[in-house]
There are 2 protein chains.
Amino acid sequence: MMVSMQRNTRQRTAILDALGRQDDFRSAQQIHEQMRADGETVGLATVYRNLQTMAHGGQVDVLVTDDGESIYRQCAQSGHHHHLVCRECGRTVEFQAPQVEDWARRVAREHGFTDVDHTMEIFGLCPEHSGAPSDDASSSGA
Amino acid sequence: MMVSMQRNTRQRTAILDALGRQDDFRSAQQIHEQMRADGETVGLATVYRNLQTMAHGGQVDVLVTDDGESIYRQCAQSGHHHHLVCRECGRTVEFQAPQVEDWARRVAREHGFTDVDHTMEIFGLCPEHSGAPSDDASSSGA
DNA sequence: TCAACTCTGATAATCACTCTCATGTTCGCC
DNA sequence: GGCGAACATGAGAGTGATTATCAGAGTTGA
């Protein structure tokens with residue numbers, strides 16, 4: 001199968017640059033907005049397209065929020081890892097969890113599941129925002 | 001705060017009933033479609049509204065798919081638990097993971113995060129669908 | 001039965017995201 | 001440096017899931 005070559009464009013570079021300057025997960029629209037504010041002229045469709053491509057290629061991480069919005073972040077770790085995200089400010093800590101990987105694999109095997117993949121993210125309040133009463137205190141699991 | 005009372009309606013009952021008869025995660029639209037097929041006359045908005053209310057009340061579990069769609073399921077376990085879901089047929093196994101809970105709590109504490117919550121779901125191919133080469137069918141059809 | 005008060009549902013609206021396709025860029029090649 | 005084919009861009013239309021509207025129907029306690 002012939003994989004079409006990926007070209008370097010001003011826009012792609014600008015998006016990577018914008019991602020590099022932020023430390024939290026952002027939606028495509030937020031990233032687009034920020035770029036416009038920074039003087040870049042990039043189309044929204046282009047931002048979506050590139051983020052998607054980068055996510056597919058593993059250059060950026062994607063998370064899907066509770067309301068179905070995709071948020072992106074350029075992570076320091078290139079391999080498989082998880083996130084600890086602040087609900088208030090989006091501040092993110094990356095971490096690895098070999099025990100969890102093992103656990104997931106074992107549970108899957110016990111039930112005869114194969115080709116296993118999993119998601120695990122932790123949400124909470126970072127030190128900066130702990131103690132700040134977040135009016136919405138309903139934390140339903142799952 | 002005064003919480004308005006929840007009334008029993010034919011529709012609410014029918015939705016719970018429909019949920020009770022299925023074993024996999026389904027989208028609101030799929031559930032609505034199934035109910036119509038079963039002869040129920042229920043509005044789509046009503047299905048959405050009730051599923052949301054039930055999810056908030058913990059009577060049903062919600063998952064958000066990669067493409068941002070919310071899928072619902074009435075789980076056997078009422079407390080906090082996780083899911084092992086087949087990518088092909090949606091077949092779901094519930095399980096508990098105390099070790100993972102502990103791990104999540106510890107990681108959060110190490111970084112000074114409080115009010116911690118987390119998500120963890122495992123996706124794979126159930127015994128029935130293992131081995132079946134799912135080239136293009138990577139989407140959770142159903 | 002009656003009068004709240006809630007729930008329903010057809011439809012319009014919203015919102016994130018994708019598609020279209022004419023035009024702009026990139027890059028290997030001379 | 002210039003060419004050209006193939007890929008990328010972007011403005012706007014389209015899509016699909018979900019939510020808001022709001023008048024009328026259903027439910028409930030008294």
Side-chain angles (χ1 to χ4, degrees), chain A residues 1-19 25-57 59-60 62-73 90, chain B residues 1-18 25-57 59-73 90 136 138-142:
Chain A
M1 70 184 97
M2 184 57 197
V3 177
S4 50
M5 193 188 47
Q6 190 133 300
R7 294 183 171 174
N8 289 326
T9 64
R10 169 179 60 81
Q11 293 88 340
R12 170 179 296 272
T13 304
I15 292 171
L16 276 172
D17 204 54
L19 284 169
F25 276 91
R26 294 269 179 85
S27 71
Q29 314 234 23
Q30 286 177 313
I31 292 167
H32 176 246
E33 202 173 334
Q34 178 195 314
M35 293 178 69
R36 296 297 270 251
D38 290 350
E40 297 285 348
T41 56
V42 185
L44 180 58
T46 300
V47 174
Y48 271 105
R49 238 183 329 239
N50 278 289
L51 284 174
Q52 221 167 245
T53 306
M54 293 173 193
H56 195 75
Q59 297 156 64
V60 302
V62 202
L63 247 52
V64 181
T65 67
D66 281 347
D67 43 88
E69 194 177 17
S70 292
I71 49 180
Y72 303 83
R73 180 175 190 266
Chain B
M1 60 181 173
M2 182 59 195
V3 178
S4 51
M5 193 188 50
Q6 192 130 300
R7 294 181 169 175
N8 289 326
T9 64
R10 169 179 60 80
Q11 292 88 340
R12 169 178 297 273
T13 304
I15 292 170
L16 275 172
D17 204 53
F25 277 91
R26 294 272 179 85
S27 72
Q29 313 234 26
Q30 286 177 314
I31 293 167
H32 176 247
E33 202 173 335
Q34 178 195 313
M35 293 178 70
R36 295 296 271 251
D38 289 351
E40 298 285 349
T41 55
V42 185
L44 181 59
T46 300
V47 174
Y48 271 105
R49 234 181 336 236
N50 278 289
L51 284 174
Q52 220 167 248
T53 306
M54 293 171 191
H56 195 76
Q59 296 155 66
V60 302
D61 273 23
V62 202
L63 247 51
V64 181
T65 67
D66 280 348
D67 44 86
E69 194 176 17
S70 292
I71 50 180
Y72 303 83
R73 180 174 189 267
D136 57 339
S138 54
S139 60
S140 57

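Being a predicted model, the structure only gives us computed values, none of them experimental. Just so we're on the same page: letters track the sequence lines, and every chain starts at 1.
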How would you label the contact of A:Asp67 with the nucleic acid (heavy atoms, under 4.0 Å): base, sugar-phosphate, or nothing? nothing
Report which part of the nucleic acid A:Gln30 touches: base, sugar-phosphate, or nothing (heavy-atom distance under 4.0 Å, all strands). nothing
Integer-rounded Å distance: C:dA16 C1' and A:Leu63 CG: 17 Å
Separation of atom CD in B:Gln52 from atom C1' in D:dA20, rounded to whole Å: 12 Å
Sugar-phosphate only, base, or nothing, as touched by A:Thr53 at under 4.0 Å among non-hydrogen atoms: nothing
If I take atom CD from residue A:Gln52 and atom OH from residue A:Tyr72, how far apart are they, to the nearest 0.5 angstrom? 6.0 Å
Roughly how far apart are B:Met54 CE and B:Arg12 CZ, rounded to 0.5 Å? 5.0 Å
On the nucleotide D:dT18, are OP1 or OP2 found under 4.0 Å from the side-chain N or O atoms that B:Tyr48 carries? yes
The reported gap from CG in B:Leu51 to CD in B:Gln59 (rounded to nearest 0.5 angstrom) is 10.5 Å
Using a heavy-atom cut-off of under 4.0 Å over every strand shown, decide if A:Thr65 touches base, sugar-phosphate, or nothing. nothing
Does B:Gln29 put a side-chain nitrogen or oxygen below 4.0 Å from OP1 or OP2 of D:dG16? no
To the nearest Å, how far apart are B:Arg49 CZ and C:dT6 P? 14 Å
Atom pair distance, as rounded to whole Å: CG in A:Leu44 and P in D:dG14: 17 Å
Rounded interatomic separation in angstrom, taking CZ from B:Arg12 and P from D:dG26: 17 Å
Quick one: pull up CD in A:Glu69 and CD in A:Gln29 and give me the separation to the nearest 0.5 Å. 7.0 Å
One would report the end-axis bend of the helix from C:dT1-D:dA30 to C:dC30-D:dG1, five pairs per end and rounded to 10 degrees, as 40°
Between atom CD1 in A:Ile71 and atom P in C:dA16, what is the gap in whole Å? 13 Å
Without decimals, in angstroms, what is the distance between A:His32 NE2 and D:dG10 C1'? 9 Å
Rounded to whole Å, how long is the line connecting atom CZ of A:Arg26 with atom P of C:dA16? 16 Å
Distance from B:Thr9 atom OG1 to B:Asn50 atom CG, nearest 0.5 Å? 6.0 Å
Non-hydrogen atoms of A:Val47 and A:Ile31 that approach each other most closely: CG1-CG2, 4.4 Å
Among A:Glu40, A:His32, A:Glu33, which one satisfies side-chain hydrogen bond (donor to acceptor under 3.5 Å, both in side chains) with A:Arg36? A:His32
List every contact pair, protein side and nucleotides 26-29 of chain C side both N or O, where the distance is under 3.5 Å.
unit_1, atom_1, unit_2, atom_2, d
C:dT26, O2, A:Arg7, NH1, 2.8
C:dC27, OP1, A:Asn8, N, 3.4

Which value, rounded to the nearest 0.5 Å, describes the distance between B:Arg49 atom CZ and B:Thr46 atom OG1? 4.5 Å
Is there a side-chain contact between A:Ser27 and the phosphate of C:dA16, meaning an N or O under 4.0 Å from OP1 or OP2? no
Contact under 4.0 Å: B:Gln11 side-chain N or O vs D:dG26 OP1/OP2: no
Looking only at heavy atoms, what is the nearest atom pair of A:Phe25 and A:Gln30, with distance? O-OE1, 4.5 Å
Between A:Arg10 (side chain) and A:Thr41 (backbone), is there a donor-acceptor pair under 3.5 Å? yes
